[in-house]
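No experiment lies behind these values; they were computed from the predicted model shown.
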There are 2 protein chains.
Amino acid sequence: MALEPLSSREKILDVSEALFARRGFAGVGLREVADAAGLRKSSLFHHFRSKTQLYYEVLGRVLGRIQLHVAPVFESRRAALQRLDQLVDALVDALAEDPTAARLLLRALFEEDRFPAEPGAEAEECERRLAEILQGIRCLLREGVEAGAFHRVSVAHTIQTLIGAIVFHFASGEFGESLLGRPVLSAEAVSRRKQELKNLLHRGIAAAPA
Amino acid sequence: MALEPLSSREKILDVSEALFARRGFAGVGLREVADAAGLRKSSLFHHFRSKTQLYYEVLGRVLGRIQLHVAPVFESRRAALQRLDQLVDALVDALAEDPTAARLLLRALFEEDRFPAEPGAEAEECERRLAEILQGIRCLLREGVEAGAFHRVSVAHTIQTLIGAIVFHFASGEFGESLLGRPVLSAEAVSRRKQELKNLLHRGIAAAPA
DNA sequence: GTCTATACTACGATAGAC
DNA sequence: GTCTATCGTAGTATAGAC
C-alpha cells in the first residue's frame with residue numbers, strides 16, 4: 001500500500017510532523033515546511049487554515065496511531081498484570097514505530113499556553129483522543145489495585161511515572177543515545193526498554209510475584 | 001539576603017527563566033523579555049551577547065541549583081538504597097523549589113539542534129554540569145548493582161526512568177494537575193510524589209526488602 | 001547602563017492570476 | 001491547486017546619543 005505518490009496534504013503533514021517534533025511549534029516556520037514539502041508557503045494555506053490548525057492535525061494523527069496500538073489492551077479481559085504488560089508493549093511499539101511520535105506527544109503533554117489559542121475542531125479532537133487513552137490507563141490501573149493484583153499505589157502518580165518512563169525515554173534522542181550507547185530506537189534498545197520496564201513494574205507494583 | 005533590588009542582569013535572568021520554561025527558546029521574543037524586565041530590547045544586549053547566550057546562562061543557573069541539591073548525595077557514604085532515597089528527595093526538592101527548573105531541564109534533555117549553534121563557554125558549562133550530575137547517578141546505581149543491593153537492572157535505563165518519572169512529572173504543569181487533582185507543586189503532591197517513587201524503587205530495584 | 005533609531009530578515013496570512 | 005506579490009508585524013542585532 002501507499003506506493004502511489006503522496007497527496008500534497010499528506011506530504012505537508014509528514015514533513016510538519018518531523019519538524020514540529022524536532023523544534024516545537026514556535027521553532028518551525030511555514031517557509032521551512034513549504035520547502036520540505038516542495039511547495040510555496042502560500043500553498044499551505046490552501047490545505048490548512050493556519051499554522052495552528054496544521055499543528056493540531058499533525059498531533060491528532062499521532063494520537064490516532066497511538067490509540068490504534070492501545071485500544072486492544074483496553075478491551076482485553078486478561079488479568080491486570082498481563083494487561084499492564086500489554087500496555088507497555090503497545091505504548092513502546094507505538095513510539096518506536098514512529099520516530100517523531102514521542103517528541104510530539106511529550107511536547108503536547110508538558111507545554112502549555114503554546115500559541116494563539118485558536119479553538120477549532122482539531123484541537124478538541126486531540127483533547128478527546130488524549131483523554132480516551134488516559135481513561136483506559138486509569139481504568140486498567142484502578143482495576144488492578146481494587147482486585148488486589150497491584151499494591152495500593154496512587155493511580156495518578158503511576159500514570160505520570162509510566163508516561164515519564166516511556167514517552168520521555170523515546171523522546172530523548174541524542175541524550176538517550178549517549179546514555180545507552182546505541183540509538184533509543186534501535187531494535188535491541190527497544191526490546192530492552194520493554195523488559196526493563198516490565199521487570200520494574202512486576203516487582204514494583206504487582207502485589208504477588210509473577 | 002536579597003532584599004536589595006535585583007540588578008538588571010539578575011532581573012533579566014529571572015524573567016527569561018520563567019519565559020523559556022513556559023514557551024521554549026524559539027517561543028520567546030526578546031521584546032517580551034525586555035518588557036517583563038522593565039527595559040528596552042536593546043538594553044538586553046548590554047548584558048548578554050545574544051539570545052543564545054542568555055538561554056545558556058539561564059540553563060546553567062538552573063543546573064547549578066540542582067547540583068547544589070544532589071552534591072551531598074554523591075558524597076554520602078551510606079548504603080546504596082539509602083543513597084537512592086536521598087537522590088529522589090534531592091531531585092524532587094530541587095525541582096519543587098524552583099517551579100521553572102523541571103521544564104527548562106526537560107527541554108534541555110530532549111530538544112536538540114535547538115538553535116543557531118553558538119558554542120561559547122556558557123553552553124560548555126551547561127554540558128559539564130549535566131555530565132557531572134549524570135555521572136553521580138550512574139555511580140550510585142552501579143555501586144548498588146555491584147554490591148548486590150539492587151537487582152541487575154540496566155543502569156542507563158534506570159537513569160532514563162528516574163529522569164522521566166521525576167523531571168517529566170514536575171514539568172507537566174496543567175496536565176499533571178488535572179491528573180492529580182491538585183497542583184504538582186503543592187506540598188501534599190510533592191511529598192506524595194517522593195513516597196510513591198521511593199515505594200516503587202524499594203520494591204522494584206532493591207534486591208532485599210528494606 | 002539605558003535609551004532611540006534603524007538595519008535586515010523572517011514571520012503568518014491574504015489577494016488574485018493562472 | 002499552485003503560483004507571485006504583498007501586507008503588516010515581529011524577530012535578532014547594531015550604532016550611537018545621553
Open item on the list: For B/Phe168 and A/Phe168, I'd like to know if the aromatic rings sit close, meaning centre-to-centre distance below 6.0 Å.
Closed with: no
Length of the line joining [X]:[atom1] and [N]:[atom2], which is rounded to integer Å:
X       : N      : atom1 : atom2 : value
B/Gln53 : D/dA13 : CD    : C1'   : 14 Å
B/Arg49 : D/dT12 : CZ    : P     : 16 Å
A/Phe48 : C/dT14 : CZ    : C1'   : 18 Å
A/Glu10 : D/dG1  : CD    : P     : 12 Å
B/Arg31 : C/dT4  : CZ    : C1'   : 14 Å
B/Asp35 : D/dA10 : CG    : P     : 11 Å
B/Ile12 : C/dG1  : CD1   : C1'   : 10 Å

TODO: State plainly whether the residues B/Glu132 and B/Arg128 are in salt-bridge range, i.e. N to O under 4.0 Å.
DONE: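 A salt bridge is present here (some side-chain N lies under 4.0 Å from a carboxylate O).
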TODO: State whether B/Glu196 and B/Arg193 are salt-bridged, where the test is any N-O pair (Lys NZ or Arg NE/NH1/NH2 against Asp/Glu carboxylate O) under 4.0 Å.
DONE: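 So B/Glu196 does not pair with B/Arg193 through a salt bridge.
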Picking from [options], which would you name as closest to the side chain of [X]?
X       : options               : value
A/His46 : C/dG1, C/dA13, D/dT2  : D/dT2
A/Lys41 : C/dC3, C/dA13, D/dA13 : C/dA13
B/Leu30 : D/dT12, C/dC11, D/dG1 : D/dT12
A/Phe45 : C/dG12, C/dC3, C/dT2  : C/dG12

Open item on the list: Please tell me if B/Ser43 has a side-chain N or O lying less than 4.0 Å from either OP1 or OP2 of C/dG1.
Closed with: no
- [ ] Using only side-chain N and O atoms of A/Arg40, determine if any of them is under 4.0 Å from OP1 or OP2 of D/dT4.
- [x] yes
Open item on the list: Can you tell me whether the side chain of B/Ser8 and the base of C/dT2 have a donor-acceptor pair closer than 3.5 Å?
Closed with: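 Counting by modelled atom types and ignoring angles, no donor-acceptor contact under 3.5 Å is found here.
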TODO: Could you tell me whether the side chain of A/Ser42 has a donor or acceptor atom within less than 3.5 Å of a complementary atom in the base of D/dT2?
DONE: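 Such a pair does not exist between side chain and base.
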Open item on the list: Let me spell it out: for each of A/Lys51 and B/Leu39, pick the nucleotide of DNA chain C with the closest heavy atom. Which residue's pick is nearer the 5' end?
Closed with: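 Of the two residues, B/Leu39 wins.
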TODO: Scan A/Val33 against the nucleic acid and name what it touches under 4.0 Å (heavy atoms): base, sugar-phosphate only, or nothing.
DONE: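 The answer is nothing, as A/Val33 stays clear of every strand by at least 4.0 Å.
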Open item on the list: For B/Phe150 versus B/Leu141, what's the shortest heavy-atom pair and its separation?
Closed with: CD1-O, 3.8 Å
Task: Nearest heavy-atom neighbours spanning B/Arg61 and B/Arg129 - done: N-NH1, 4.4 Å
